[in-house]
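See structure below.
Only heavy atoms go into these numbers, but all of them, side chains included; no hydrogens, no water, no symmetry mates. Below, chain A is the first sequence line, B the second, and so on; all start at residue 1.
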Amino acid sequence: MSGQYLVLLFLFGGVFSVEVQRPRGVPLSKRPLYEEDKPFTCLDGSRTIPFDRVNDDYCDCQDGSDEPGTAACPHGSFHCTNAGFRPTFIPSSRVNDGICDCCDATDEYNSGADCQNTCRDLWRKEKESMEKLAEIAKEGFLLKQQLIQEANRGLEEKKSKLTDVQNSKKDLEEKVEALRMVKETAEQPEKEAKDRHLKAWEEQKAVIRMEKDKARMAEVFLELDGDGDGFVSVAELLSHSELDQNSDGSFTEAEAQELLGGVDKLDTAGFESIWSKIKEKYMSGSNTDAPAPVEPPQEEVKEPASDNDSEPYPDDDNPEEEEEEEDEEDDDEMDDGDYKSPPPTETHEKKDDDEDGTMPPYDEETQKLIDAAQKARDEFDEAEKSLREVDDNIRNLEKEISFDFGPSVEFAYLYSQCYELTTGEYVYRLCPFNRVSQKPKYGGSETNLGSWGKWAGPEDNIYSVMKYEHGTGCWQGPNRSTTVKLTCGTETVVTSTSEPSRCEYLMEFTSPAVCQEPPPMSQEPPPMTSDHGHDEL
Amino acid sequence: MAAFSVRMVHVLVLWLAVCLSGTWAVDKGNFKTCDQSSFCKRQRALKPGESPYRVLLETMELTNTRLTLQLINDNNKVRLLLELYRLQGNITRVKINELKPLKPRYEVPDVLVREPPTEPLSVLSQDENGVVLSLGAESQRVIVSARPFRLDIMEGHNVLMSLNSRGLLAFEHLRMRKDTFSYKVTSTVASVWDNIKRVFSSQAEPEAEKKDEADPANQAETAKEEEEKVEEGMWEETFKSHSDSKPNGPSAVSLDFSLPGVEHVYGIPEHAEPLKLKTTESGDPYRLYNLDVFQYELYNPMALYGAVPVMLAHNTKRTTGIFWLNAAETWVDISSNTAGKTVFGKMLDYVQGSSETPQTDVRWISESGIIDVFLMLGPTPKDVFSQYASLTGTQSFPPLSSLGYHQCRWNYNDQEDVRSVDAGFDEHDIPYDFIWLDIEHTDGKRYFTWDPHKFATPKDMLQGLMDKKRKMVAIVDPHIKIDNNYKIHNEIRSRGFYVKNKDGGDYEGWCWPGSAGYPDFTRADMRAWWASMFAYDQYEGSMENLYTWNDMNEPSVFNGPEVTMHKDAVHGSWEHRDVHNLYGLYVQMATADGLIQRSGGVERPFVLTRAFFAGSQRYGAVWTGDNAAEWDHLKISIPMCLSLGLVGISFCGADVGGFFKSPSPELLVRWYQTGAYQPFFRAHAHLDTPRREPWLFGPENLALIRDVVRQRYTFLPYWYQLFYNAYRTGEPVMRPLWVEYPQDPATFAVDDEFLIGRDLLVHPVTDEGSRGVTAYLPGKDEFWYDIHTFHKHNGAQNLYIPVTMSSIPVFQRGGSIIPRKLRVRRSSSCMEHDPYTLFVALNPQRTAEGELYIDDGHTFNYEKKEFIHRRFSFANNVLSSVNIAPDAKFTTKSWVERIIVLGASKPSKITLRTAGE
């Protein structure tokens with residue numbers, strides 16, 4: 001070790017070659033507080049020290065005020081004069097750390113860092129970019145005025161349209177009421193005629209069914225009466241184990257006798273009285289070998305089978321799927337739920353009908369009544385549908401009119417528009433006041449990155465940020481959401497998207513609607529000379 | 001980052017499991033218990049009793065450097081060869097292998113820094129019961145008892161350590177599979193071969209030859225009596241859907257150690273366990289098998305990412321260590337006072353009656369390889385550190401900047417993100433040295449490449465950081481995407497550098513890039529090639545301020561058994577089974593070599609690894625893997641790093657904030673406060689967690705975090721000096737209290753506080769809503785000074801310290817001098833030329849001592865004696881500075897700007913005297 005590093009507690013600092021006017025790192029405004037030849041009092045008043053301990057690279061004041069030009073104090077700050085640009089303060093820790101911070105290079109006076117004075121360049125660049133921004137702001141602000149005018153015009157239009165629609169709604173409501181009367185008037189006779197027709201058919205059916213039942217009973221009696229003695233006996237009954245009353249698997253004599261009403265045998269008349277107890281279970285031609293109780297489960301099996309029928313994606317659907325995937329899906333869902341389940345019951349009913357024959361067609365008079373009623377119904381439905389549409393229309397108009405499109409309605413033009421940005425992998429889509437989404441460029445389904453939530457800028461500029469919330473959920477994470485930052489631009493474009501945190505998206509969006517009126521004169525450039533008198537702006 | 005260790009197809013299943021149970025923890029079913037690991041089950045089924053092994057004393061050979069003896073198993077007549085060495089520095093090495101293995105058994109290479117130098121052994125006495133050997137000074141002896149075989153190491157009248165005293169030596173000799181055709185054929189061939197060998201070796205080993213011939217009956221008997229039951233799992237075993245073909249059959253080795261007088265054992269990391277190891281009788285043994293454990297659970301002996309088979313034993317009189325050099329899957333059973341007699345032979349009769357002293361028994365079981373164990377006999381903790389360092393080397397001396405703060409996240413998304421985070425640190429005036437990029441920075445998880453959209457101009461980005469004197473770490477994992485358009489893959493494949501599967505093809509597994517190959521890092525030529533890939537012209541977009549992070553090097557194989565490589569995969573002539581725990585070490589070794597070579601051997605490397613083994617300290621830093629944002633994970637970071645420090649790995653840290661899940665601001669602040677006082681200080685977070693740069697939690701929390709990061713930077717000179725010391729001596733940087741207070745039993749199990757070096761005591765606040773902590777201040781005649789308030793406290797007391805959110809209880813030991821740099825800047829490099837402040841803390845004798853080490857901070861020039869190393873001492877009111885490396889030369893622009901004396905009254909006068917050189 002070269003010995004000199006372990007030197008002293010206090011290095012009486014090299015006198016600094018700073019301009020005589022003021023110690024290094026002191027802003028002009030504080031110049032009077034640093035008077036040479038007078039003891040220095042720390043700016044917090046905590047202590048007074050000889051002036052030669054100012055900027056001696058050793059920290060004496062708690063507030064760091066004795067070392068404005070060195071890195072000695074932990075909480076001090078250094079003033080960059082930055083002649084030709086904007087003066088600024090940097091933390092003392094950046095003085096002589098080998099990194100150029102002040103554009104006038106004054107912070108690196110003893111570090112060996114090769115710093116150039118870049119203040120003029122910086123100013124030129126800043127000026128250029130400020131001019132560009134001012135240009136944009138100017139142009140954008142003009143556009144914004146147009147947008148406001150259009151929006152106001154649009155708003156008026158919408159308001160008057162709303163009045164119109166509201167008026168037409170009244171007419172429509174009356175029309176609907178009138179048509180409802182007509183419909184109800186037409187439906188009353190229709191119903192009566194139909195009921196009449198149906199009742200006649202029911203009666204006819206009952207007769208047919210009774211005859212069938214009787215025939216069946218006689219047939220069964222003959223089958224049961226194995227010995228042909230004109231009686232059905234307990235013994236004969238026992239060969240039909242399916243008649244087991246308590247379904248315990250064994251059909252006992254006692255049970256058979258009970259079935260016959262307590263007697264040993266019955267003739268045809270007696271049989272008729274117990275027929276109702278037998279007919280449900282009785283199986284024609286069955287004998288002792290026939291295993292009876294297997295039947296019910298077989299019935300149950302049918303249901304899954306019918307389920308199979310309604311399997312939503314039979315293989316032959318595939319070609320369609322490729323063409324219109326999403327629509328196809330919707331259709332299938334409909335099929336599955338609403339349409340496909342009823343058919344089995346329908347066919348079942350039809351079977352019943354088939355047994356009894358089909359209902360004869362309505363007579364001409366009834367049919368006429370039906371046609372008339374149908375016409376009234378259709379007209380009513382039509383009118384009601386129009387009314388609903390008008391209601392929707394009104395709701396939409398009211399929503400749009402009351403929407404917060406900014407203090408001058410300047411954001412109204414974004415409503416029901418969408419803007420896209422394509423990145424490496426995805427197409428991002430911003431539909432202002434509606435939703436944000438993301439779709440893979442090369443196929444795949446769309447992900448909702450959030451629906452319109454609110455204006456979310458800082459209090460003084462609330463219309464600078466939009467927040468879209470409650471998008472598709474993330475695995476082990478929150479629901480996706482998107483923050484849209486608006487900046488002034490002559491065009492309405494999404495300029496960038498990013499995902500700074502998992503599932504929290506950030507979108508940059510330019511629009512003339514956020515352009516502020518530029519100040520009447522562009523900003524006064526700072527002096528281009530290094531006159532120290534002018535650095536305090 | 002990066003431990004998402006499930007197959008992609010399992011993601012949904014896992015997700016469901018999480019949803020259903022509502023709990024959040026490791027899926028234990030993915031990892032084996034001892035019962036599910038057939039060799040562990042077999043070995044653990046052996047109960048203590050009389051060992052079947054006896055010593056064939058007539059086979060004893062003693063040369064100047066080693067003693068060899070044959071052991072015979074009376075049950076199956078298989079002979080083992082015992083080698084015994086006395087190594088320099090009070091270490092005894094015991095090696096046991098088969099006398100004539102069917103084929104060679106694996107002996108771990110590349111872990112020992114050299115063939116350990118030996119010292120002469122001499123026979124003190126010998127009779128039909130055994131042999132007594134002298135271990136040189138300190139009246140230390142080894143007693144080899146013959147029947148049954150056991151080893152006892154004595155000092156004076158005390159037994160320090162006994163081997164096989166419980167008769168658990170077991171050595172599954174290699175054998176032919178009996179139920180196959182090939183057995184018959186090869187066994188014939190083998191016997192012919194044996195005869196040939198015997199003829200040729202007769203000249204070299206006439207004695208052995210004679211014995212063999214003299215005992216032909218024995219040979220025949222061997223074959224006949226080999227009627228070992230073929231147990232399930234010996235020749236094949238399956239775990240979940242994975243089967244292990246085990247072509248070599250059973251090959252486990254096991255040995256027990258008794259430690260009389262010992263109640264505290266430590267080490268055998270890595271486990272999420274307290275510092276003091278627990279007994280394992282009631283559950284599974286501690287497992288050492290490098291595994292990528294997804295969302296690991298605390299307080300159990302499951303294996304984690306790394307393995308160091310070193311255990312330390314300590315009592316008030318002595319510290320010893322056992323280093324079990326075996327890289328295969330290993331289980332360690334610990335029990336207490338359950339051993340049999342501590343008596344053996346006439347010579348030890350007087351020890352009888354000591355059976356009431358506490359005793360810890362340890363048993364090591366490994367799946368393959370040999371028994372090669374180093375008994376480090378202390379007697380002090382620092383002796384054990386230096387003994388272990390003499391075997392496996394010391395901590396690499398890291399670049400100074402790597403001791404600063406590291407900002408990491410999976411992932412910083414693109415160059416703009418990196419730029420804005422970097423700017424955020426300036427804006428909020430928080431120092432940092434390294435910003436990190438996780439796997440997403442690559443082009444499709446092809447390491448050594450950059451995502452062409454997000455990181456299109458990496459050199460611009462690196463230059464931007466360099467302009468601020470900051471650095472970057474980018475991840476390079478050892479799984480290589482199988483892709484014919486990927487240069488690295490093509491080269492490795494064409495050179496035949498991939499690990500092979502059991503059928504001889506390139507082993508393929510599933511990892512981040514999808515299907516991936518695993519370079520065979522056990523090959524020196526492979527490692528040399530890998531290192532060459534870090535050259536600036538090979539690793540496109542790299543610059544000198546880009547460093548490397550090796551993750552997933554257990555190796556992690558998402559679709560492999562236990563999320564790692566199949567044991568029957570092949571590395572040259574060895575199975576993966578033999579080398580598993582070594583793989584991660586080799587990856588880091590090759591990477592560190594690459595970083596050294598790219599600078600022409602000038603610059604020190606910095607490489608972080610997740611997997612490690614004994615010796616990994618030579619290559620860089622480790623971290624405790626994928627922890628979670630939970631208070632218990634914050635607590636466990638202390639014992640986990642302490643345990644690593646004890647076995648040589650000083651450069652340890654845990655992900656600040658917790659990797660999985662999202663920390664509350666309070667937990668995050670407390671974690672920063674703890675991490676700032678641990679060796680490796682890096683914040684890291686999972687991809688799915690919300691951003692957590694320090695300024696995102698409000699001005700108060702920002703101020704707290706800024707304050708503690710700055711505290712870290714003020715202590716960098718002390719950290720640096722401690723790392724230099726660790727590099728020189730192997731002493732841990734972060735130490736358990738007992739290391740410095742070995743005679744104070746109150747310190748033996750303390751792991752909620754720790755020492756940095758010997759002069760700083762840290763008791764982090766690790767409880768939610770804490771209003772105070774009770775710190776144990778050790779040392780009966782010591783003072784401890786609060787580093788914030790300078791309040792003085794007496795030693796050997798439990799001190800209650802009320803805390804607020806800004807409190808980090810840290811104390812400087814009276815009697816120490818700590819150099820600090822109080823001018824905190826943007827990064828450590830910016831502070832290079834800044835002056836020092838000496839904190840002189842006086843002890844009751846009003847004296848103090850300390851050191852200061854300075855060099856350029858980043859090159860190997862310190863090896864050429866380019867540094868400053870001085871000792872400060874304060875006595876009789878005089879602070880003096882002495883050069884303790886007079887032959888070293890270095891010039892610094894730094895100076896001492898301030899000296900703060902703690903515990904002194906205000907002096908009336910101060911004089912400064914500069915002596916000539």
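Two residues are said to be in side-chain contact when any heavy atoms from C-beta on lie closer than 4.5 Å; R823(B) and C59(A) fail this criterion. Contact of the R94(A) side chain with the D429(B) side chain is registered, since non-hydrogen atoms from C-beta on lie closer than 4.5 Å.
Nearest heavy atom pair, residue R502(A) against residue D688(B), reads NE-OD1, 2.6 Å. In terms of heavy-atom proximity, I99(A) sits nearest to D467(B) at CG1-O, 3.5 Å. Shortest non-hydrogen contact noted between Y58(A) and E897(B) is CE1-O, 3.1 Å.
Surrounding NZ of K485(A) are at most 12 heavy atoms belonging to other residues, nucleotides or ligands under 6.0 Å away. The number of heavy atoms from other shown groups lying within 6.0 Å of CD (Q62(A)) does not exceed 12. Heavy atoms of other residues, nucleotides or ligands lying less than 6.0 angstrom from NE2 of H75(A) number 12 at most.
D426(B) touches chain A through backbone and side chain together, each having a heavy atom under 4.5 Å away. Of the two parts of D101(A), only the side chain, counted from C-beta on, holds a non-hydrogen atom closer than 4.5 Å to a non-hydrogen atom of chain B. Looking at A72(A), the atoms closer than 4.5 Å to chain B (heavy atoms on both sides) sit in the backbone and in the side chain alike. Using a 4.5 Å cut-off between heavy atoms, S829(B) makes no contact with chain A at all. Using a 4.5 Å cut-off between heavy atoms, R409(B) touches chain A through its side chain atoms alone.
Distance CG/N96(A) to NE2/H833(B): 10.0 Å, rounded to 0.5 Å. With values rounded to the nearest 0.5 angstrom, H453(B) atom NE2 is found 8.0 Å from E425(A) atom CD.
Checking side-chain atoms of R825(B) against main-chain N and O of S93(A) turns up a donor-acceptor pair under 3.5 Å.
Per-residue counts of heavy-atom pairs under 4.5 Å with chain A were compared for E832(B), R826(B), K454(B); the largest is that of R826(B).
Every residue two or more places apart in sequence or in another chain was checked for a disulfide bond (SG atoms under 2.5 Å apart) with C830(B), and none qualifies.
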Original post:
Between K468(B) and D97(A), does a salt bridge (charged side-chain N to carboxylate O under 4.0 Å, His left out) hold up when you go through it step by step?
Top reply: CA-CA 9 Å; K468(B) 298 254 193 82; D97(A) 67 348; over 6 Å; no
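Checked against P690(B) for a side-chain contact (heavy atoms from CB on, under 4.5 Å), the options C503(A), P500(A), S501(A) give a single hit: S501(A).
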